[in-house]
Amino acid sequence: MEKVLVKSIFRETEKFMGKVVEVSGWVRTIRASNAFGFIELNDGSFFKNIQIVFESNLENYKEIAKLGTGSAVRVFGKVVESAGDKQPFEIKAEKVEVVGTSDEDFPLQKKRHTLEYMRTIAHLRPRANIYNAVFRIRSLVAFAIHSFFQERGFVYVHTPIITGSDCEGAGEMFQVTTLDLNNLPKKDDGTINYGEDFFGKATNLTVSGQLAVENYCAAFRNVYTFGPTFRAENSYTQRHASEFWMIEPEIAFADLHDDMKLAEDMVKYIINFVLEKAPEEMEFFNSFVDKTLLERLNFIKNSEFGKITYTEAIELLKKSGKQFEYPVEWGCDLQTEHERYITEELLKKPVFVIDYPKEIKAFYMRMNEDNKTVAAMDLLVPGVGEIIGGSQREERYDRLLARIQELGLKKEDYWWYLDLRRFGSNPHAGYGLGFERMIMYITGMQNIRDVIPFPRTPKNAEF
RNA sequence: UCCUCGUUAGCUCAGUCGGUAGAGCGGGUGGCUGUUAACCACUAGGUCGGCGGUUCAAGUCCGUCACGAGGAGCCA
């Protein structure tokens with residue numbers, strides 16, 4: 001008897017037709033009369049369920065008919081054509097072994113639940129169709145990203161999770177300490193003596209691997225990081241989480257346009273990859289989450305992303321005649337409402353906005369010739385907003401140092417970053433892709449909490 | 001952190017003008033020879049988020065706290 005995965009039966013139906021097989025999985029639903037019944041079984045290998053027909057001649061018929069949703073069973077039976085029209089084939093059971101029953105209070109029912117409720121049962125929600133699809137896509141996108149960069153010779157660098165530099169400047173940080181919080185060692189001036197802490201200094205969880213990965217860029221030319229990132233912001237929105245994953249490529253001897261080319265190629269690669277590897281899941285999202293999803297993704301595959309400068313964006317917003325809550329003026333940061341208008345109404349596709357005023361961007365971004373703007377780029381996409389933020393880095397030692405001092409940062413904190421500009425400095429660029437935001441964009445899911453297995457947000461670290 | 005809206009059965013929700021609790025699904029029991037969120041009958045199930053106040057009377061009005069959702073800011 002052959003132990004087979006449901007995915008194989010769906011993909012190579014002819015091979016199994018008429019054969020007796022063994023399948024095992026979890027009961028999604030059971031419908032039974034006193035003479036026969038149907039089990040919809042999901043074995044985890046495939047998005048779709050396989051229908052099991054079982055008849056009252058089985059010695060444990062009553063036991064099977066009473067099984068609750070979620071039960072684990074092993075089925076031995078023949079693959080046959082189905083008499084019903086909702087599925088092309090089914091398994092006629094010769095034996096159904098109950099492996100693990102499911103208590104009657106199994107929370108997932110044969111009905112629609114709200115996503116909010118599902119978040120309260122995060123340990124069980126992957127067994128629901130929508131989450132099953134989301135997390136298979138998540139796995140595929142992660143693989144697609146590695147595949148994209150590895151095919152192009154990029155080296156995967158593991159930048160540290162615990163960082164000793166408190167100067168990454170990308171947001172509020174989570175402190176990492178082994179000090180006894182009820183009895184903190186103090187210095188003479190009353191401040192905490194971090195010399196006694198585990199690392200002998202104050203440390204935090206990383207908010208970005210970029211500064212670290214730039215060093216490896218200067219050795220391997222093209223590199224990327226892909227790992228968890230932590231931000232201790234009190235953000236209560238659909239697209240912010242305290243723990244999320246980020247991909248940060250960095251390329252040497254490259255400018256902002258090379259950077260954008262890479263980002264665009266990567267996004268298209270990921271879309272192609274997912275459409276090819278998970279058609280059933282994508283079809284499901286298109287039917288139940290966002291009716292325009294496939295149309296949109298297919299359009300993007302074959303179209304060029306938009307590209308406008310910050311200055312042009314400001315002019316377009318001013319000319320739009322739209323009444324924005326925040327008035328538009330050159331020098332102001334683009335608000336969410338502005339970004340949405342640009343990508344969702346004006347261009348209706350992904351768009352790079354480049355060359356932002358230096359005042360609203362980070363110190364390490366390369367100064368343009370106008371001395372007013374920096375070579376930065378944000379990729380905005382409809383529905384999600386900013387999905388990528390990147391820049392060409394300031395490779396000129398004097399200019400970088402001047403920026404650090406202008407902003408009142410301490411030169412000593414950046415000694416190793418500055419060293420890069422002393423030993424073989426070269427024009428280089430990179431960006432950060434929000435992994436979960438990419439998943440949201442590809443699936444149409446609207447809340448970041450629904451694309452992370454166990455999401456961490458302020459006041460929520462259950463599970 | 002700020003603004004808005006929520007919290008009623010296991011789940012999704014209704015509950016009028018303040019008068020003492022309802023439905024569907026799910027669970028249980030029984031029926032049904034091809035179901036597709038199966039169907040039919042019966043049945044159990046409630047500290048109406050917590051605390052305080054107004055009132056003869058509060059799920060309903062007021063205050064407050066907790067939690068959730070949406071928006072803003074921060075960003076990916």
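Within every chain, numbering begins at 1; the chains are lettered A, B, ... in the order of the sequence lines, protein sequences first and strands thereafter.
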Using the side-chain heavy atoms of A:T114, tell me which of these nucleotides is nearest: B:rC13, B:rG28, B:rA72. B:rC13
Nearest to the side chain of A:E104 - B:rG27, B:rA76, B:rU35? B:rG27
Looking only at atom [atom1], what distance separates [N] and [M], rounded to whole Å?
{"N": "B:rU60", "M": "B:rU16", "atom1": "P", "result": "11 Å"}
{"N": "B:rC56", "M": "B:rC51", "atom1": "C1'", "result": "23 Å"}
{"N": "B:rC13", "M": "B:rC17", "atom1": "P", "result": "22 Å"}
{"N": "B:rC11", "M": "B:rA72", "atom1": "C1'", "result": "32 Å"}
{"N": "B:rG73", "M": "B:rG10", "atom1": "P", "result": "40 Å"}
{"N": "B:rG6", "M": "B:rA14", "atom1": "P", "result": "11 Å"}
{"N": "B:rC40", "M": "B:rA21", "atom1": "C1'", "result": "27 Å"}
{"N": "B:rU64", "M": "B:rC75", "atom1": "C1'", "result": "34 Å"}

Using a distance-only test with no angle check, is there a side-chain donor-acceptor pair under 3.5 angstrom linking A:Y326 and A:E337? no
Using the ring of A:W330 (Phe, Tyr or Trp, six-membered ring only), decide whether A:K372 places NZ or CZ under 6.0 Å from its centre and within 45 degrees of its axis. yes
Nearest-angstrom distance from the residue atom [atom1] of [X] to [atom2] of [N]:
{"X": "A:R31", "N": "B:rC39", "atom1": "CZ", "atom2": "P", "result": "10 Å"}
{"X": "A:D103", "N": "B:rG28", "atom1": "CG", "atom2": "C1'", "result": "14 Å"}
{"X": "A:Q210", "N": "B:rC75", "atom1": "CD", "atom2": "C1'", "result": "14 Å"}
{"X": "A:N42", "N": "B:rU36", "atom1": "CG", "atom2": "P", "result": "20 Å"}
{"X": "A:E81", "N": "B:rG34", "atom1": "CD", "atom2": "P", "result": "20 Å"}
{"X": "A:I360", "N": "B:rC75", "atom1": "CD1", "atom2": "C1'", "result": "13 Å"}
{"X": "A:Y236", "N": "B:rA66", "atom1": "OH", "atom2": "C1'", "result": "12 Å"}
{"X": "A:Q238", "N": "B:rC74", "atom1": "CD", "atom2": "P", "result": "17 Å"}

Short side-chain N/O contact from [X] to OP1 or OP2 of [N], under 4.0 Å:
{"X": "A:R239", "N": "B:rG70", "answer": "no"}
{"X": "A:T29", "N": "B:rA38", "answer": "yes"}
{"X": "A:K66", "N": "B:rG28", "answer": "no"}
{"X": "A:S235", "N": "B:rC74", "answer": "no"}
{"X": "A:N447", "N": "B:rG70", "answer": "yes"}
{"X": "A:Q109", "N": "B:rG10", "answer": "no"}
{"X": "A:K86", "N": "B:rG34", "answer": "no"}
{"X": "A:Q51", "N": "B:rU36", "answer": "no"}
{"X": "A:N34", "N": "B:rU33", "answer": "yes"}
{"X": "A:T237", "N": "B:rC75", "answer": "no"}

Salt-bridge present (A:E264, A:K268; N to O < 4.0 Å): yes
Partner of A:S320 by side chain to side chain contact (heavy atoms under 4.5 Å, CB included), out of A:Q323, A:K318, A:K322: A:K322
Could you check whether any side-chain heavy atom of A:I388 comes within less than 4.5 Å of a side-chain heavy atom of A:Y431, counting everything from C-beta outward? yes
Go nucleotide by nucleotide along RNA chain B from the 5' end; which of A:A83 and A:K62 gets its closest nucleotide reached first? A:K62
5′-ward residue of the pair A:V53/A:I448 relative to RNA chain B: A:V53
Looking at [X] and [N], is any side-chain donor or acceptor paired with a base atom of the opposite kind under 3.5 Å?
{"X": "A:H113", "N": "B:rC11", "value": "no"}
{"X": "A:E90", "N": "B:rG34", "value": "yes"}
{"X": "A:R112", "N": "B:rC25", "value": "no"}
{"X": "A:E40", "N": "B:rU35", "value": "no"}
{"X": "A:R231", "N": "B:rA76", "value": "yes"}

I would like to know whether A:D255 and A:K261 meet salt bridge (charged side-chain N to carboxylate O under 4.0 Å, His left out); could you show each step before the answer? CA-CA 10 Å; A:D255 63 15; A:K261 175 79 165 52; over 6 Å; no
So what's [N] paired with, Watson-Crick or G-U wobble, going by both distances under 3.5 Å?
{"N": "B:rU20", "result": "none"}
{"N": "B:rU55", "result": "none"}
{"N": "B:rA14", "result": "none"}
{"N": "B:rC42", "result": "B:rG28"}
{"N": "B:rA69", "result": "B:rU4"}

For A:F148, is there any backbone N or O sitting under 3.5 Å from a side-chain donor or acceptor partner on A:R152? yes
Can you tell me if A:H240 uses its side chain to pair, donor with acceptor, with the backbone of A:Y236 under 3.5 Å? no
Using the aromatic ring of A:F435 (for Trp, its six-membered ring), decide whether it stacks on the base of B:rA76 within the limits of 5.5 Å and 30°. no
